[in-house]
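Let me begin by presenting the structure, written as C-alpha cells, before commenting on it.
Note: hydrogens, waters and symmetry copies are ignored here, and every other heavy atom, side chains too, is used. Order of the sequence lines sets the chain letters (A, B, ...), proteins ahead of strands, with each chain counted from 1.
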Amino acid sequence: MDSATNRKDLLKLYTPMEFACSVAYKYCKDGANVFCGVGLSLLPAQLAQKTFAPDVSIIYEGGSIGSVAVGRIPWGIDDTVIQVNAECQTDVLSTLGWLVQTGRVHLTYLGAAQCDRYGNLNTTLYGDDYTRPAARVSGSGGGHDLAVGSQNFVVIMNHREDRIVDKLDYQTSPGFCDGGTSRWDKWGLSGGGPLAICTDLAVLTPNPVTRELEIAAIYPFTTLEEVKERTGFPIRIAAGFKIVEPPTAEEIKILREQLDVTGDFTGWKKLFA
Amino acid sequence: MKNKLMRLDVAVQTFVKDRMSIAAGGFPLARQANIFIKEILRQNKKGGVKVRDLYWVEPGIGFGGSMLVAEGIIDSVISTFSSHERAGLSVITRDALEKGIPRKIKWEDESNLTLNSRLMAGALNLPFIPCGSGIWGDLKKQGLWDGKMAYPKNVVTEDPFGSGRKVALLQAISPDLSIVHVPFADTHGNGLILGSMYYDYWLARAGKKIVLIADQIVDTEMCRRFPNLVAIPGVGVDAVVPWYMGAWPCNSPGVYGEDLEHISMFIKNSRGEALRNYLDKYVYSWENHQQYLDLIGAEKVAALQDNPAKVLAEPFGQWIMPQDKVAALLQ
C-alpha cells in the first residue's frame, strides 16, 4: 500500500462505510446495553453481537429490547423483524426516559446530517430559516435524548465540508456543547458525549481537554490533506494518529452475508456491479 | 359495561371537528391510525365532516399524517421525525415545509422523550413537566403555533429543591382526540398491544377523547385472562372501530407486517398527478371494508400476515370474535 494508486485500489474491495462500521463496532463492549438508531447506525452493534460481544443487549427506542432481527436488517426501529423475539417490549418513556436518562445505556450509535467541531449534531434541517428550511431531513427522533443521557455515543456519517461544519444549521443533539467541560458545567447534561465520529474518510475523536474534534485516524485510501479539505473548520491531528487497517475477512463476511445483505446500507454491491 | 364498537364513518363524524388537535399513535412503520386518517379525508369529501385546519401531533409523520398534509388540511404539526425510516424521507412533509406545497404548515420539533413527556403531562392533567432533554439546542425554538397551545416553550430552570440540577419545563399537550391503532380490543374499549408500545401508553391517555382502531375484536374473556396485556383500559376509551388491516401499509405486530413495497411506491408517487392518482385509488375509490381489502389484494394480505411476528398473536386466536358477531354488535 505504498503508492496512491494502490491505496485507491482498496476501494475496489471495500466501501468507505464498511471501513466506518469496522471501526465503530469496536467501541462496543461485551455485556453492554447498546442503543441503535436508523440506517447505518443499525450495523455496528449487530456486527459486535455476531463477533466478540455475544452478550450485548440491543435496545430500540420503540421498546424492543434484546431482539435479534429475523430475515433481514430492520428498516427502522419499528420494523416487525425486531418485534419477533424480544426479551421484553416496553415504551419510549422506559427506553429514552428511564434507561437512557439514568445512565443505564452504555453506548449509542447515531447518524447525523451535520456535526460541528464539538461533536454537536444536526439531524433536522439545512438552511438558516427554521420556519422555511432549505431542506428538511428527518428530525431528532430519540437522537437528542440519547446524546443527552447515553454514557457515550459514536456517530457514523458522511464527511464533506458542509457536513462536518463550524456551525450547525440546527442544533438537534448535544455533543460537547461549547467545548471543554461546558456540557456538564454549563448545561448540566448527564451522559459523557461522543467517543468518535466515524466518517467515510476518517475517524474523528475529541481532544481530552478542549473537546474539539481531531483526526484520530484516516483510512488507507485517503490522505490527511483530503480529510482537512473536506472538513468545514481547521482541524488538528490527534496524538496517536494512525491509519486504519482494512476490515477483516470475518467482518466483511458478516456485514455482507448476514447484516447488509441487500447492500442498501454500505453500498457494497456496487463493488460487483 | 357498555358496548363501545362504532362504525368507522360514524366515529369520524362523531369525534372529528375542524381546528381540533389530534394525537395519532404508532411509529413511521408501525401501527399508524391510517384507516381513521383516510376516513377523515373521505368524510371531508362526502361532507360528513368539514375540516380545514387540524393541529396534528404524531411521533413520526410517515404515512398517515402526510396524507392529511398532502390534502391541505393540516395547519400545524408537533412531531419529532419526518421520514418513513429506511424507505426514505417524507416527500410530502418536505414539500410543505420547504416550498409551501400544497400550503405552508407550521411545524414544531420535539425529541421522542420531550414529546412523550408532554403527552404524559397531558394525561396526568398537569400543566407542565420537567425533563432532562430539551435543555440544550434548538428544540427550544417555537414553531409559530396558532395560539391553540400557548407558549413559552421549554423553560430551563434549576431544581427548586436545591439539588442544583438543570431541567427543562415542557408544556403539557392534551389533544382534543387521541387515535391509536391496536391489534386487539374488546367491546368495552380495552386495547391490547403486541410488540413495541412506542408512545401509545401515554399518547392514548392524553386525549380528551380516545378512539381505538382494532384489527380484531376479542372476547372480554381474553382481557380477564391476560389483564396485564391491556395497555389502554376501556373505562377511559370512547369508541372502538373494528377494521382489519387498518394500519396497512404499516405493520401491526402479531397480525401483519409492514408493506415496504407499498410504502416505497407511495414515496415515489408523492407529488402532482401521481399523488392525485394515488389518493383517488387508495383513499377515495372504495366503499366498504371488503373493497378496501380487495384493493390491497388477497395475495398481498396473505403475504403480509405470513410474517415472523405472527407468533406474538398465536396464544390468543381462540378469543378473536367472528366477523358476523362483530357486525351484529356494530348495528
Checklist outcome for this item: Whatever's closer than 4.5 Å to a heavy atom in chain A on B:Pro28 counts as both
Checklist entry - So which part of A:Ala147 gets closer than 4.5 Å to some heavy atom of chain B, the side chain, the backbone, both or neither? => result neither
Checklist outcome for this item: Residue from B:Ser82, B:Gly137, B:Ala30, B:Ser79 scoring the most non-hydrogen pairs under 4.5 Å with chain A is B:Ser82
Checklist entry - Looking only at heavy atoms, which two atoms of B:Arg94 and A:Ala135 are closest? And how far apart? => result NH2-CB, 3.3 Å
Checklist entry - Among A:Ser64, A:Gly127, A:Gly141, which residue forms the greatest number of heavy-atom pairs with chain B at distances under 4.5 Å? => result A:Gly141
Next on the checklist: Does any backbone or side-chain atom of B:Lys104 lie under 4.5 Å from a heavy atom of chain A? Answer side chain, backbone, both or neither.
Outcome noted: side chain
Next on the checklist: Quick one, A:Trp75 with B:Leu29, criterion side-chain contact (heavy atoms from CB on, under 4.5 Å). Give me CA distance, side-chain angles, the key distance, then yes/no.
Outcome noted: CA-CA 9 Å; A:Trp75 280 42; B:Leu29 295 180; 4.1 Å; yes
Checklist entry - Which region of B:Asn251, side chain (C-beta onward) or backbone (N, CA, C, O), has a non-hydrogen atom less than 4.5 Å from a non-hydrogen atom of chain A, or is it both or neither? => result side chain
Next on the checklist: Working to the nearest 0.5 angstrom, can you tell me the gap between B:Glu85 CD and A:Asp78 CG?
Outcome noted: 4.0 Å
Next on the checklist: B:Leu89 vs A:Ser138, test: side-chain contact (heavy atoms from CB on, under 4.5 Å). Steps then yes/no.
Outcome noted: CA-CA 7 Å; B:Leu89 294 167; A:Ser138 60; 4.1 Å; yes
Checklist entry - Can you find a pair of side-chain heavy atoms, one from A:Glu61 and one from B:Phe27, that are under 4.5 Å apart? => result yes
Checklist outcome for this item: Expected contact set for residues 84-91 of chain A against chain B at heavy-atom separation under 4.5 Å reads A:Val84, A:Gln89, A:Thr90, A:Asp91
Checklist entry - So, the side chain of A:His144 versus the backbone of B:Gly134: is there a donor-acceptor pair under 3.5 Å, distance only? => result yes
Checklist entry - Is a side-chain N or O of B:Lys166 found less than 3.5 angstrom from the main chain of A:Lys186, in a donor-acceptor match? => result yes
Checklist entry - Is there side-chain contact between A:Phe265 and B:Arg86, with at least one heavy-atom pair below 4.5 Å? => result yes
Checklist outcome for this item: Scored by heavy-atom pairs under 4.5 Å with chain B, the best of A:Ser190, A:Gly63, A:Ser140 is A:Ser140
Item to check | B:Ile135 versus chain A, the contacting section by heavy-atom distance below 4.5 Å | outcome: both
Next on the checklist: Measuring from atom OG of A:Ser182 to atom CH2 of B:Trp136, what distance do you get when rounded to the nearest 0.5 angstrom?
Outcome noted: 10.0 Å
Item to check | Flag if over 12 foreign heavy atoms under 6.0 Å of CG, A:Asp128 | outcome: no
Next on the checklist: Let's go through B:Leu113 and A:Val92 carefully: what are the C-alpha distance in whole Å and the side-chain angles of both, what is the deciding distance for side-chain contact (heavy atoms from CB on, under 4.5 Å) to 0.1 Å, and is it a yes or a no?
Outcome noted: CA-CA 7 Å; B:Leu113 180 57; A:Val92 167; 5.6 Å; no
Item to check | Separation between CG of B:Asn112 and OG1 of A:Thr95, rounded to the nearest 0.5 Å | outcome: 8.0 Å
Checklist entry - Should B:Asp95 and A:Arg136 count as an ion pair when the cut-off is N to O under 4.0 Å? => result no
Item to check | B:Glu158 versus chain A, the contacting section by heavy-atom distance below 4.5 Å | outcome: neither
Checklist outcome for this item: Of A:Pro74, A:Gly188, A:Ser94, A:Ser173, the largest count of non-hydrogen pairs under 4.5 angstrom with chain B goes to A:Ser173
Checklist entry - Which of the residues A:Leu125, A:Asp79, A:Val148, A:Leu42 is involved in the greatest number of heavy-atom pairs with chain B at under 4.5 angstrom? => result A:Asp79
Checklist entry - When rounded to the nearest 0.5 angstrom, what is the spacing between OG1 in A:Thr131 and NZ in B:Lys141? => result 9.5 Å
Checklist entry - Do B:Tyr199 and A:Leu93 have side-chain heavy atoms sitting under 4.5 Å apart? => result no
Checklist entry - Which bit of B:Ser117 is near chain A, if near means a heavy-atom gap under 4.5 Å: side chain, backbone, both or neither? => result both
Checklist outcome for this item: When every non-hydrogen atom of B:Gly257 is compared with those of A:Thr80, the smallest separation belongs to CA-OG1, 3.8 Å
Checklist entry - Where does A:Asp264 contact chain B at under 4.5 Å (heavy atoms): side chain, backbone, both or neither? => result both
Checklist entry - Given A:Gln101 and B:Ser133, is the side-chain contact (heavy atoms from CB on, under 4.5 Å) satisfied, shown in steps? => result CA-CA 9 Å; A:Gln101 303 303 317; B:Ser133 285; 3.9 Å; yes
Item to check | B:Lys140 side, atom NZ; A:Gln171 side, atom CD - distance, nearest 0.5 Å | outcome: 8.0 Å
Next on the checklist: Looking at A:Lys167, I'd like to know if its NZ atom is crowded, meaning that more than 12 non-hydrogen atoms belonging to other residues, nucleotides or ligands lie closer than 6.0 Å.
Outcome noted: no
Checklist outcome for this item: Turns out that what part of A:Val100 lies under 4.5 Å from chain B's heavy atoms comes down to neither
Checklist entry - Hey, is OH on A:Tyr126 packed in by over 12 heavy atoms from elsewhere, all under 6.0 Å? => result yes
Next on the checklist: Between B:Ser83, B:Pro308, B:Ser90, B:Pro59, who has the most heavy-atom pairs with chain A when the cutoff is under 4.5 Å?
Outcome noted: B:Pro308
Checklist entry - Quick one: what part of A:Thr172 sits under 4.5 Å from any heavy atom of chain B, side chain, backbone, both or neither? => result backbone
Checklist outcome for this item: Bottom line for A:Ile77: the part with an atom under 4.5 Å from chain B's heavy atoms is both
Item to check | B:Asp138 vs A:Thr124 side-chain heavy atoms within contact, under 4.5 Å | outcome: no
Checklist entry - By number, which residues in residues 114-122 of chain A have some heavy atom less than 4.5 Å away from chain B? => result A:Asn120
Checklist outcome for this item: Pair count under 4.5 Å, heavy atoms only, with chain A: among B:His84, B:Glu110, B:Arg165, B:Lys99, highest is B:Lys99
